[in-house]
Student: 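Structure in structure tokens, see below.
Note that these values count all heavy atoms, side chains included, but never hydrogens, waters or copies made by symmetry.
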Amino acid sequence: MAEAVFLGSGTSNGVPMLGVQYPEAFLANPKNHRTRSSIILRGPEGNLLVDCAPELRLQMHRERLFDIDHVLITHTHADHVMGMDDLRSICIRTGQPMKVFARPSDQADIRRIYPYAFREFPPEVHVPRFDLIDTPESATVCGMELRFFDVLHGSIPVTGIRLNAFAYITDVSEIPATAFEHLENLDVLVLDAVRIKPHPNHFHYEAAVEAALRIGAKTTYFTHLSGDYDHDDFEAGMPQGMRLAYDGLRLQV
């Protein structure tokens with residue numbers, strides 16, 4: 001058994017978004033405060049972090065989680081990689097580079113964004129260190145048997161994850177036919193549903209509902225959410241078996 005902890009459930013700007021005034025009633029609900037989307041999978045032999053949101057250190061301390069053993073980067077948009085520098089404190093503590101799964105094209109982005117992580121410095125200069133590993137089709141990570149598959153975010157490939165009867169898909173506008181074999185017989189599906197209005201590079205709400213109905217998981221949680229969703233009021237009107245994720249949600253998977 002493993003646990004999925006939702007470090008963040010928000011869209012790329014987070015909620016509340018900079019420069020936007022929200023009703024006080026909206027802000028009064030903690031579930032409407034959404035940091036950038038990320039989860040951590042807690043296995044019997046360690047923790048796998050999925051994406052590094054800009055709020056990574058705050059997310060981890062909020063959840064009282066202090067160990068990261070491996071990282072998976074689903075894709076290299078800013079809201080998924082701009083927390084990678086925070087990994088330096090883990091590298092300092094362990095004396096080892098962080099093992100990071102990423103597709104080769106995303107590894108090139110990581111090297112471009114964080115060139116200093118791959119340079120030599122005097123011992124008193126501390127930088128994050130990344131051991132970049134090609135994302136496999138399957139792997140045993142932290143005692144968890146994981147499968148990885150690709151979906152599309154516009155024209156960009158994004159890595160989806162299957163663990164037991166749990167699947168996590170962030171940032172998606174199309175699920176290719178080859179990915180559906182990884183989405184059979186699910187207890188829990190986590191799926192992008194960025195906003196109410198259609199979006200060219202994400203599932204909007206209706207598209208996410210349609211995909212969820214086709215996949216047929218027992219329960220589907222929508223994530224990567226904008227301020228369109230007032231959590232409690234909106235969730236009350238959702239189809240049976242569909243819910244909104246929120247920061248701090250924990251699921252046994």
Student: Applying side chain to side chain contact (heavy atoms under 4.5 Å, CB included) to Leu41 and Cys142, what does each step give before you reach the verdict?
Tutor: CA-CA 9 Å; Leu41 296 174; Cys142 300; over 6 Å; no
Student: Please step through salt bridge (charged side-chain N to carboxylate O under 4.0 Å, His left out) for the pair Lys99 and Asp131, ending with a clear verdict.
Tutor: CA-CA 5 Å; Lys99 296 183 183 299; Asp131 179 10; 3.5 Å; yes
Student: Please determine if Arg34 forms a cation-pi arrangement with Tyr229, meaning its NZ or CZ atom is less than 6.0 Å from the six-membered ring centre and no more than 45° off the ring axis.
Tutor: no
Student: Any link between Val190 and Val209 through a network of hydrophobic side chains (Ile, Leu, Val, Met, Phe, Trp, Tyr) touching at under 4.5 Å?
Tutor: no
Student: Side chains of His75 and Asp106: is there a donor and an acceptor less than 3.5 Å apart?
Tutor: no
Student: Which pair of non-hydrogen atoms, one from Phe6 and one from Tyr246, has the smallest distance, and what is that distance?
Tutor: CB-O, 3.6 Å
Student: So is Arg111 actually on top of Phe118's ring, under 6.0 Å and inside 45° of the axis?
Tutor: yes
Student: Heavy atoms only: give me the nearest Arg103-Thr74 pair and the separation to one decimal.
Tutor: NH1-O, 3.1 Å
Student: Going from OG on Ser138 to CG on Leu146, what distance comes out if it is rounded to the nearest 0.5 angstrom?
Tutor: 9.0 Å
Student: Given Phe101, which partner from the list Asp134, Val141, Ile73, Leu132 fulfils the side-chain contact (heavy atoms from CB on, under 4.5 Å) test?
Tutor: Val141
Student: Any chance CD of Glu124 has more than 12 other-residue heavy atoms, nucleotides or ligands included, within less than 6.0 Å?
Tutor: yes
Student: Under 4.5 Å between side-chain heavy atoms, hopping through other hydrophobics if needed: is there a path connecting Ile169 to Leu72?
Tutor: no
